[in-house]
Amino acid sequence: MIYDPDADLPIYAAISAANVNDITPAQTMPIEAGATYVFDLGYYDYRWWAKLDAAGCRTSPVSRRTPRSRWSRNCACPRPAPCFRTASAQQIADLYKRRWAIELFFRWIKQTLKIGHFLGTSKNAVAIQIAAALIAFLLLRLAQVTQTAVETQLAFTRLVRANLMHRRRLDRLIELPTQPQPLTQQMAIQWT
């Protein structure tokens, strides 16, 4: 998953089996020249990092250890990732902080869209459920930005859920629903 914290949206997703290393689908993702990529430790591949570096990208793997201890223990490459060469400690800390947005996105998908467990077990069933959750997220996000009455995405999602079967404008979701007026020309049945 590539998540843009500025847009607060996923911009690329790939689904792979649980026994496939994260780096395998990552190597097929589109690379945006000049972008900064922050990823977790499942993405160790110095050839891939060199490819990102050649595209002018900055990369930064996330670890609980300091960059120096990681490189001294695991480095099979003569130099650390480009981000550690060109960024200050504060810049790296800021990148890790911004990376937290994808963790919040995953939590939102799991908790709000109820994708905590999969309904099917086949590859196709899992892919459809993930795709449906991503589509729902994007539709909710697009709908949310068209209105100003509700600020947070979670509050907006709750209002949409509560009003799903009501025909209401987005800017009126926060208002209490009005009672429908009875039709005056409706035929009434007389029971005897």
Side-chain angles (χ1 to χ4, degrees), residues 1-67 69-87 91-142 145 153:
M1 172 83 57
I2 299 176
Y3 193 84
D4 183 347
D6 293 328
D8 202 16
L9 293 171
I11 57 174
Y12 177 82
I15 301 170
S16 62
N19 63 350
V20 174
N21 189 305
D22 291 344
I23 190 62
T24 304
Q27 290 171 332
T28 64
M29 73 176 194
I31 296 173
E32 182 182 336
T36 299
Y37 293 95
V38 181
F39 40 85
D40 64 23
L41 293 177
Y43 295 88
Y44 266 94
D45 184 321
Y46 293 106
R47 281 178 278 175
W48 182 59
W49 289 357
K51 188 175 175 183
L52 291 171
D53 191 33
C57 300
R58 288 181 14 159
T59 59
S60 180
V62 174
S63 173
R64 287 183 176 84
R65 294 176 296 215
T66 63
S69 66
R70 178 179 39 240
W71 295 116
S72 62
R73 292 179 59 204
N74 298 325
C75 190
C77 179
R79 60 189 182 147
C83 184
F84 289 131
R85 287 192 328 241
T86 62
Q91 289 171 322
I92 293 171
D94 291 343
L95 287 173
Y96 291 165
K97 184 177 179 182
R98 291 185 68 207
R99 184 192 176 276
W100 189 248
I102 195 169
E103 300 300 337
L104 294 176
F105 165 75
F106 284 136
R107 187 179 79 184
W108 199 90
I109 289 287
K110 290 176 184 177
Q111 292 178 355
T112 308
L113 295 181
K114 309 293 185 199
I115 196 170
H117 69 280
F118 293 109
L119 302 175
T121 57
S122 72
K123 181 180 178 180
N124 194 42
V126 170
I128 288 171
Q129 190 172 350
I130 291 171
L134 290 173
I135 290 168
F137 175 85
L138 293 171
L139 287 174
L140 284 167
R141 179 57 56 90
L142 287 171
V145 298
Q153 186 175 8

Peer 1: Determine the minimum heavy-atom distance between P30 and I2, stating which atoms define it.
Peer 2: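 Smallest interatomic distance, heavy atoms only, reads O-CD1, 4.1 Å.
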
Peer 1: Considering residues at least two apart in sequence or located in another chain, which fulfil the ring-ring contact (aromatic ring centres under 6.0 Å, His included) criterion with W48?
Peer 2: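 Partners of W48 by the ring-ring contact (aromatic ring centres under 6.0 Å, His included) criterion, ordered by chain and then number, come out as F39.
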
Peer 1: Out of I23, T24, L52, which residue meets the side chain to side chain contact (heavy atoms under 4.5 Å, CB included) rule with D45?
Peer 2: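 For D45, the side chain to side chain contact (heavy atoms under 4.5 Å, CB included) check succeeds only for I23.
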
Peer 1: Can you give me the closest heavy-atom contact between Q27 and K51, atom names plus distance?
Peer 2: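 Heavy atoms only, the tightest pair is O-NZ, 4.2 Å.
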
Peer 1: According to side-chain contact (heavy atoms from CB on, under 4.5 Å), who are the partners of D4, at least two apart in sequence or on a separate chain?
Peer 2: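 side-chain contact (heavy atoms from CB on, under 4.5 Å) check on D4 returns D6, A7, I11.
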
Peer 1: Once rounded to the nearest 0.5 Å, what's the spacing between atom CD of Q91 and atom OH of Y96?
Peer 2: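 Answer for the CD-OH pair, Q91 versus Y96, is 12.5 Å.
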
Peer 1: Taking only residues at least two apart or on different chains, which pairs with a member in residues 100-118 satisfy salt bridge (Lys or Arg N to Asp or Glu O under 4.0 Å)?
Peer 2: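 Output for this query lists R99-E103.
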
Peer 1: Roughly how far, to the nearest 0.5 Å, is the CD1 atom of I115 from the CZ atom of F106?
Peer 2: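 Answer for the CZ-CD1 pair, F106 versus I115, is 10.5 Å.
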
Peer 1: Any pair with a residue in residues 1-21 that passes ring pair (Phe, Tyr, Trp, His ring centres under 6.0 Å), sequence neighbours left out, goes on the list, sorted by first then second residue, please.
Peer 2: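 Sorted result for residues 1-21: Y3-F105.
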
Peer 1: Distance check, rounded to the nearest 0.5 Å: S16 atom OG versus N21 atom CG?
Peer 2: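 CG of N21 is found 9.0 Å from OG of S16.
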
Peer 1: Kindly write out the residues that satisfy side chain to side chain donor-acceptor pair (under 3.5 Å) with Q153, not counting sequence neighbours, or none if the list is empty.
Peer 2: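 Checked Q153 against side chain to side chain donor-acceptor pair (under 3.5 Å); matches are R141.
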
Peer 1: Let me check something: any side-chain donor-acceptor pairs from residues 120-137 under 3.5 Å, sequence neighbours excluded? List them with distances.
Peer 2:
{"residue": "S122", "atom": "OG", "partner": "A125", "partner atom": "N", "Å": "3.1"}
{"residue": "Q129", "atom": "OE1", "partner": "L119", "partner atom": "N", "Å": "2.8"}
{"residue": "Q129", "atom": "NE2", "partner": "H117", "partner atom": "O", "Å": "3.2"}

Peer 1: Please name all residues satisfying side chain to side chain donor-acceptor pair (under 3.5 Å) with N19, sequence neighbours left out, ordered by chain then number.
Peer 2: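 Expected list: none.
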
Peer 1: Does any part of the side chain of T36, heavy atoms only, come nearer than 4.5 Å to the side chain of C57, both counted from C-beta?
Peer 2: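 Answer no - side chains too far apart.
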
Peer 1: Using atom types as modelled and distance alone, determine if a side-chain donor or acceptor of T28 lies under 3.5 Å from a backbone N or O of P25.
Peer 2: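 Yes; judged by distance alone, with no hydrogens or angles, the pair exists.
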
